[in-house]
Protein chains: 2
Amino acid sequence: MKIALDAMGGDNAPLSNIQGAFEAINAMDVEVILLGDENIIKKHLEKENIDTPKITIKHCEEMISNDEKPVKAVRTKKNSSLVVGLNLLKNKEVDAFVSAGSTGAILAGGLFVLGRIKGIDRPALTGVYPNESGGSVLLDIGANADCKPKNLDQFALMGSIYASSILNISNPKVGLINIGAEEEKGSDLYKSSFELMKNNAEYNFVGNIEARDIPKGTVDVMVCDGFTGNIILKLTEGVASTIFGLIKKTIMSSLKSKIGGIMLKNSFGELKKSLDSDEYGGAPLLGVNGIVIKAHGSSEGKAIKNAIKQAKTFYDSKSIEKIISYAEKNNKVSEEKSI
Amino acid sequence: MKIALDAMGGDNAPLSNIQGAFEAINAMDVEVILLGDENIIKKHLEKENIDTPKITIKHCEEMISNDEKPVKAVRTKKNSSLVVGLNLLKNKEVDAFVSAGSTGAILAGGLFVLGRIKGIDRPALTGVYPNESGGSVLLDIGANADCKPKNLDQFALMGSIYASSILNISNPKVGLINIGAEEEKGSDLYKSSFELMKNNAEYNFVGNIEARDIPKGTVDVMVCDGFTGNIILKLTEGVASTIFGLIKKTIMSSLKSKIGGIMLKNSFGELKKSLDSDEYGGAPLLGVNGIVIKAHGSSEGKAIKNAIKQAKTFYDSKSIEKIISYAEKNNKVSEEKSI
């Protein structure tokens, strides 16, 4: 399969993208097109001694930065690596698009260039929340700060398909993130969403899930609005890094604890690795007509490679086709109900 | 000062409440009235060898459980420990009310029995989020799942008064929890709240704060709606307990790491203590006409003592009077603006 990679996106671009592309073509059967400034990319390829027909360059004169207004940037910068990449995907010249660039621009570009799948009102950025059971699907993690109940219902449907096709979980348990376990808990949005979700037979809804249970992996798919999902992901990052910082400080506080720390070093390394977001690849934008993976802005080569791997699994699993067929069915049911 | 304590509230009632009351009268200049079933309370007092004029009992025939509908329970159970306690406070027979009982019932009771402070549309449950700088004020943590911008503006005002009066922070920095640092980020509620908050001269608004910075203590007061605040508190609890669980597992995984763990035991004990919510007392319900402290449902004696200590600091600082005067001023400004 062919993947278009936004070489200019992310904090460590283009080096991390080039390294990630190289790791990917060595690890799996993919070809990568690097989108961006040809001169800069060529220099890096030479420096890294990378010369393979599996990595090609498509020169793009422009790039979209994180500071730009997403909608305006996507509309005016037709020659940016982002817009060029999405157009390649739209025209079926590639099978997926991967970028560590501006989230807002990727969302706007996904909508304008690729368009929504029929029956999906709002696409959702979809993450994997790390936990001991290997991770749960969490969506929306930031595409839609304001949501309606039908959006959350559609997120649940897409998340369920993603969990079963990509993570190989059969009949995934879908939970609604809420401030209490009981049906009547939550804001108006969450109360109405619960109502819709419990009556949807297309996925396995198991009820509300409280925030303290999120890291336990009690459900396979966790549904919420994009504001809440973004808070959840970033807070988890913040709490984990604060605790590890405090542990380091604690270990350095006395000779005895320093020795204890040295004896634990390897085990702690393993623990940190299991919580490392780089291991989990990127976040697919579910609900648009094509495979779009948003990699973390701070991605190193390994994270880019994993995002490419994710695009490949996504492609191989034919998840888009499944979402299209389920969304159509779901849409028909809602139309019938509203008549 | 006199404190009414709901002896029947919480998972460990009445023992934890009785122990907490006893610890409190020994540690500070307070009298405690225990509200609840006289026979049961007396038996516990005898068993614990507690006999002091500083602890008295007021018999209440009823109690409100966590499973009851809050509004209905408060309206029908006039002889419950909760409603009796709030009435004592309303009639100035006590100076504060403390309970580890049903959050919903405490909120409903606070509103019905005590009423709102003029100029405050919605009271807020106010927590202290533990961090290295000693904790930041976080509100609302669960009183209002649905909020309007003016609610968040008023939360900021009350939180700022609380931080300066109770935590002794001069000119506290107030941040709005959001999904990005820039002004235009967030849901409609957060964008409109930002607009109101940046134009309010009654407190020191410093802008948005992203979730990953919440544990760092970069601001003194963190403002959000009650749905988000509840998610933040519970997720932090969940992530911390998951990480400590994984660390324990890691330590037990080999002989070498077990020895390392033993050498770190004391230091880890200190670290866990600094993150222990029992150290921080309870959550005041700011915005009602009286001092109401909600202690954690799982409170042990120490947490109840700290909630009583918090009620005393609250009382001594005359924070209610300050909120009344600022709310009046704030209200006048809004009225003038809307003319």
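Every chain is numbered from 1, with letters handed out A, B, ... down the list of sequences.
Both the backbone and the side chain of B:Ile232 come within contact range of chain A, each with at least one heavy atom under 4.5 Å from a heavy atom of that chain. Heavy atoms closer than 4.5 Å to chain A are found in both the backbone and the side chain of B:Asn178. The part of B:Glu184 that comes within reach of chain A is its side chain, from C-beta onward, which places non-hydrogen atoms under 4.5 angstrom from that chain. Of the two parts of A:Lys69, only the side chain, counted from C-beta on, holds a non-hydrogen atom closer than 4.5 Å to a non-hydrogen atom of chain B. Contact of A:Ile231 with chain B is made through backbone and side chain together, with heavy-atom distances under 4.5 Å. Heavy atoms closer than 4.5 Å to chain A are found in the side chain of B:Ile214, but not in its backbone.
Here the shortest heavy-atom pairing between B:Ser99 and B:Gly101 reads OG-N, 2.9 Å. Closest heavy-atom contact between B:Ala100 and B:His296: CB-O, 3.6 Å. The two residues A:Ser16 and A:Ala13 make their nearest non-hydrogen contact at OG-N, 3.9 Å. The minimum heavy-atom distance linking B:Leu285 with B:Gly110 is given by the pair CD2-CA, 4.4 Å.
Panel note: side chain A:Thr126, backbone A:Ala124; a donor-acceptor pair is recorded below 3.5 Å.
Between B:Glu68 and B:Lys77 there is a salt bridge, since at least one side-chain N of the basic residue sits less than 4.0 Å from a carboxylate O of the acidic one. The pair A:Glu183-A:Lys198 meets the salt-bridge criterion, with a side-chain N (NZ, NE, NH1 or NH2) lying under 4.0 Å from an Asp/Glu carboxylate O.
Heavy-atom pairs under 4.5 Å with chain B were tallied for A:Thr242, A:Asp188, A:Thr228, A:Leu233; the largest tally goes to A:Asp188. In terms of heavy-atom pairs under 4.5 angstrom with chain A, the leader among B:Ala211, B:Gly238, B:Cys224 is B:Ala211. When A:Glu182, A:Lys234, A:Lys185 are compared by the number of non-hydrogen pairs under 4.5 Å with chain B, A:Lys234 comes out ahead.
Residues that satisfy the side-chain hydrogen bond (donor to acceptor under 3.5 Å, both in side chains) test with B:Thr236, not counting sequence neighbours, are B:Tyr129.
Taking non-hydrogen atoms and a 4.5 Å limit, the residue list of residues 140-151 of chain B in contact with chain A, ordered by number, reads B:Ala145, B:Asp146.
A donor-acceptor contact closer than 3.5 angstrom links the side chains of B:Tyr190 and B:Asp225. Side-chain atoms of A:Asp153 and A:Ser193 form no donor-acceptor pair, as typed in the model, at a separation below 3.5 Å.
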